[in-house]
Protein chains: 4
Amino acid sequence: MRETTTSTPAGRGRGAARSERARQAILTSASELIARDGYEHLTIEGIAARAKVGKPTIYRWWPSKSALIAECLADDTLMQEDFAPPDTGDLLADLTTWYRDIAAFLGDPGNAALIRSLIAASIDNPLVATELTQHLGAGPEALHGRFRAAVAAGELRADVPIEALVDLITGGIMMRIIDRTGLRPGDSEAFVRALLGPLLT
Amino acid sequence: MRETTTSTPAGRGRGAARSERARQAILTSASELIARDGYEHLTIEGIAARAKVGKPTIYRWWPSKSALIAECLADDTLMQEDFAPPDTGDLLADLTTWYRDIAAFLGDPGNAALIRSLIAASIDNPLVATELTQHLGAGPEALHGRFRAAVAAGELRADVPIEALVDLITGGIMMRIIDRTGLRPGDSEAFVRALLGPLLT
Amino acid sequence: MRETTTSTPAGRGRGAARSERARQAILTSASELIARDGYEHLTIEGIAARAKVGKPTIYRWWPSKSALIAECLADDTLMQEDFAPPDTGDLLADLTTWYRDIAAFLGDPGNAALIRSLIAASIDNPLVATELTQHLGAGPEALHGRFRAAVAAGELRADVPIEALVDLITGGIMMRIIDRTGLRPGDSEAFVRALLGPLLT
Amino acid sequence: MRETTTSTPAGRGRGAARSERARQAILTSASELIARDGYEHLTIEGIAARAKVGKPTIYRWWPSKSALIAECLADDTLMQEDFAPPDTGDLLADLTTWYRDIAAFLGDPGNAALIRSLIAASIDNPLVATELTQHLGAGPEALHGRFRAAVAAGELRADVPIEALVDLITGGIMMRIIDRTGLRPGDSEAFVRALLGPLLT
DNA sequence: CGATAATCGAGACGGTACGTCAGGTCTTAGG
DNA sequence: CCTAAGACCTGACGTACCGTCTCGATTATCG
């Protein structure tokens with residue numbers, strides 16, 4: 001679990017400690033409800049009821065629905081999947097593999113809807129965007145790392161703007177989720193070719 | 001104005017005709033409010049009040065807030081800008097120009113917030129996504145056309161997957177808006193190079 | 001029904017009229033609940049639920065719980081009893097009769113509790129006090145009237161301060177309710193004698 | 001200080017003794033807050049915060065807000081005034097004096113509001129009513145005593161129902177506070193005359 | 001004198017109710 | 001028959017307090 005959010009119990013001077021039981025129940029309930037009903041139908045009241053917790057307990061620790069979702073992601077409660085390109089030495093093949101995995105995941109309409117919900121949450125909390133891209137493997141460790149390795153291996157030109165490359169490829173996935181076009185596994189090669197293959201004559 | 005939505009006046013038998021005044025007032029009010037407060041704070045009630053219209057008048061013609069927004073876009077009430085790459089014969093230069101224009105537009109935080117709102121609206125109505133990409137110049141006429149012209153001119157390989165290319169480049173922009181990283185004009189070349197330049201050694 | 005409160009439908013320009021069904025259901029539910037649970041346990045939420053009405057419908061028409069109670073009283077929904085001294089020509093006998101009726105009424109602990117609740121409501125809304133004293137017969141028509149008649153009949157001295165007399169006698173009842181001492185029917189004569197009988201030697 | 005409430009330190013076996021500092025701080029804070037904000041806005045949480053005391057410390061020693069108020073009164077923390085009729089041998093004059101003092105006290109709207117708050121507290125705890133009437137001089141020692149002295153002095157008939165007389169006169173004051181009519185000093189004579197003067201012809 | 005135990009401050013907890021906002025539907029009056 | 005106005009029921013919002021419980025520290029008595 002990456003701890004990225006603000007809801008740390010802090011130093012605790014005196015007084016009862018924060019209830020780990022409540023925290024877990026809230027994260028779990030939020031995760032189940034967003035997966036079932038989508039971000040738009042997610043309510044603090046519903047989460048509190050399902051977690052058998054008072055609403056104030058949620059408001060005490062999270063300033064907003066989206067912050068709560070961010071922690072669900074950071075805590076791996078909401079999405080177990082963590083995509084990352086392998087490193088076989090063949091960049092095109094590795095990216096295609098990675099892309100295909102994601103496409104397979106998004107083939108399930110439930111998963112696609114979940115990611116759509118997470119994009120919605122990202123809009124009022126960039127932290128969610130960060131967590132989401134992490135899970136998709138587009139974080140600094142995974143995709144960035146693979147590109148840097150390719151540069152080091154002499155597979156990719158040294159002056160390639162890796163940041164831009166990552167945003168392009170991640171954004172390409174997002175677009176297909178937003179406009180509901182979807183990602184077919186066969187698209188994987190098209191995307192990778194469009195990105196890395198020789199385009200200009 | 002492209003007419004893409006469902007709110008056609010229809011055949012009409014008897015009775016008063018649909019009030020064009022009301023329609024315009026609603027679209028204008030919705031546009032002003034979303035620009036001012038963002039999609040999350042946009043309410044039907046607020047629109048009705050500002051347009052001096054009853055709520056049912058809105059519900060009669062639009063099934064949802066996002067459908068209303070889609071029509072605002074189609075009607076050019078919400079966004080006057082219509083980006084499109086020029087065609088000077090030099091694809092890289094043309095794309096860079098287009099990208100730079102968009103980056104300049106998004107340099108204004110208000111505009112960035114507006115687009116972020118439109119992405120939010122896109123999530124519960126793909127029609128908004130369509131309209132939005134149109135306005136950004138990523139629709140069939142503009143960006144696709146430019147790529148097809150490049151293929152025809154022999155500037156781009158014939159087997160390039162244009163669809164994927166467009167989604168990559170559009171998605172790249174979206175990503176930067178969602179995660180609030182922003183697009184600096186200087187990024188334009190990086191993006192275009194990352195997409196079209198020679199990457200592999 | 002005396003109409004003393006502010007919740008008049010007003011002029012009504014256009015739009016749906018105020019629902020009489022809702023108004024009645026609210027008054028009835030409030031009356032039942034205050035009689036059952038007391039003013040302290042009376043909640044707007046509970047009234048709304050029992051009346052099958054939305055909370056805003058209550059807040060639209062009454063500014064506070066106590067204003068609602070005042071209207072329950074004015075509407076004779078909460079208390080059907082309306083005490084008033086008879087006029088047989090014998091003031092002492094008439095007052096004793098009246099007092100005895102009230103004592104009998106308050107003999108039922110439920111009634112005593114209800115009046116106690118109404119005193120509580122009176123404290124944050126003097127309108128309730130007015131309505132309550134009306135019902136007890138201490139309003140201008142009943143007790144005041146009887147005293148004026150006694151003066152006219154030469155039964156009572158002309159310079160008697162009627163206002164003070166009424167407040168004394170009403171307050172005497174209130175005291176016994178507040179301190180839970182209670183009013184026994186036998187007290188009636190003691191009170192009336194204490195008030196009107198020859199005290200000084 | 002009369003000790004009438006339940007908060008006795010009890011036998012105590014071992015362990016730390018009850019903190020007198022905490023007790024005083026709580027009584028003082030409660031008194032200040034009820035005087036400032038009224039009984040309806042008085043909260044245990046607010047008292048605890050102002051007294052720099054934990055909520056359980058309050059709940060440990062007092063079962064309810066009203067019990068705490070009762071002790072504030074018994075402890076003379078909340079009201080320093082203790083009214084009592086003098087005994088000059090002239091009952092009418094003495095009562096008038098006493099009444100006038102109370103009327104003067106209630107002339108200050110803050111005092112009137114305080115007494116109103118105490119009546120509210122009396123409703124859910126008759127002990128408060130007892131303490132309140134004590135402070136107003138309507139307890140067994142003061143007003144009752146004065147009446148008994150008058151009987152002994154032959155000023156008042158021996159068969160006068162003193163209890164009822166006291167309730168009438170106290171209730172008369174209460175009424176004026178509850179219905180916010182107020183007591184003007186000039187009313188004093190009217191009340192006393194209404195009570196004791198020759199009424200019947 | 002050290003163990004025992006009650007108290008104290010602090011504050012988190014599961015709850016209930018608050019008063020408000022907005023949703024989407026309906027009813028009425030006017031044109 | 002459409003439009004404006006607006007009332008209706010519903011449901012969620014975020015907040016304030018409730019009364020209880022759980023800490024860790026302090027304090028005083030008892031064995």
Practice problem: Would you please test Leu78(A) and Leu118(A) for side-chain contact (heavy atoms from CB on, under 4.5 Å) and show each step? | Solution: CA-CA 10 Å; Leu78(A) 177 47; Leu118(A) 294 178; 3.8 Å; yes

Quiz item: How far apart are the C-alpha atoms of Leu68(A) and Ile47(A), what are their side-chain angles, what is the distance that settles it, and do they pass the side-chain contact (heavy atoms from CB on, under 4.5 Å) test?
Solution: CA-CA 11 Å; Leu68(A) 175 51; Ile47(A) 297 168; 3.8 Å; yes

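By the 6.0 Å and 45° rule, Arg23(C) does not stack over the aromatic ring of Trp61(C).
Not a single donor-acceptor pair under 3.5 Å links the side chain of Thr57(D) to the backbone N or O of Val53(D). Remark: side-chain polar atoms of Arg60(A) are not paired, donor with acceptor, to backbone N or O of Lys55(A) under 3.5 angstrom.
Between the CG atom of Leu68(C) and the P atom of dC18(E) there is a distance of 12 Å, given to the nearest Å. One interatomic measurement links the two molecules: CG of Asp37(C) to P of dT16(E), which rounds to 15 Å at whole-angstrom precision. Look at CD1 on Ile26(D): it is 7 Å from P on dG9(E), rounded to the nearest Å. Rounded to an integer number of Å, the gap from CD1 of Ile58(D) to C1' of dT7(E) is 14 Å. Atom CD in Glu20(A) sits roughly 14 Å away from atom P in dC23(F) (whole-Å rounding). The CD1-C1' distance, from Ile47(C) to dT16(E), rounds to 15 Å in whole Å.
For the segment residues 27-34 of chain D, the set of residues with a heavy atom within less than 4.0 Å of an atom of DNA chain F is empty.
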Self-check item: Nucleic acid footprint by protein, nucleotides 12-19 of chain F - heavy-atom cut-off 4.0 Å, B for base, S for sugar-phosphate alone
Solution: BBBBBBBB

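Residue Trp61(A) places at least one side-chain N or O under 4.0 Å from the OP1 or OP2 atom of dC13(E). Contact check, Arg21(B) against dA4(F): a side-chain N or O comes under 4.0 Å of OP1 or OP2. Neither OP1 nor OP2 of dA12(E) sits under 4.0 Å from any side-chain N or O of Thr57(A). Under 4.0 angstrom from either OP1 or OP2 of dC8(E) there lies at least one side-chain N or O belonging to Arg60(D).
Nearest nucleotide to the side chain of Ala22(D), out of dC9(F), dA4(F), dG9(E): dG9(E).
In this structure, Ala51(C) and Arg21(C) approach most closely via the heavy-atom pair O-NH2, 3.0 Å. Nearest approach of Leu27(D) to Glu71(D), heavy atoms of both residues: CD2-CG, 4.1 Å.
For the atom pair CZ of Arg36(B) and CD1 of Ile34(B), the computed distance is 12.5 Å after rounding to the nearest 0.5 Å.
Remark: Lys65(C) pairs with no residue by the side-chain hydrogen bond (donor to acceptor under 3.5 Å, both in side chains) rule, at least two apart or across chains.
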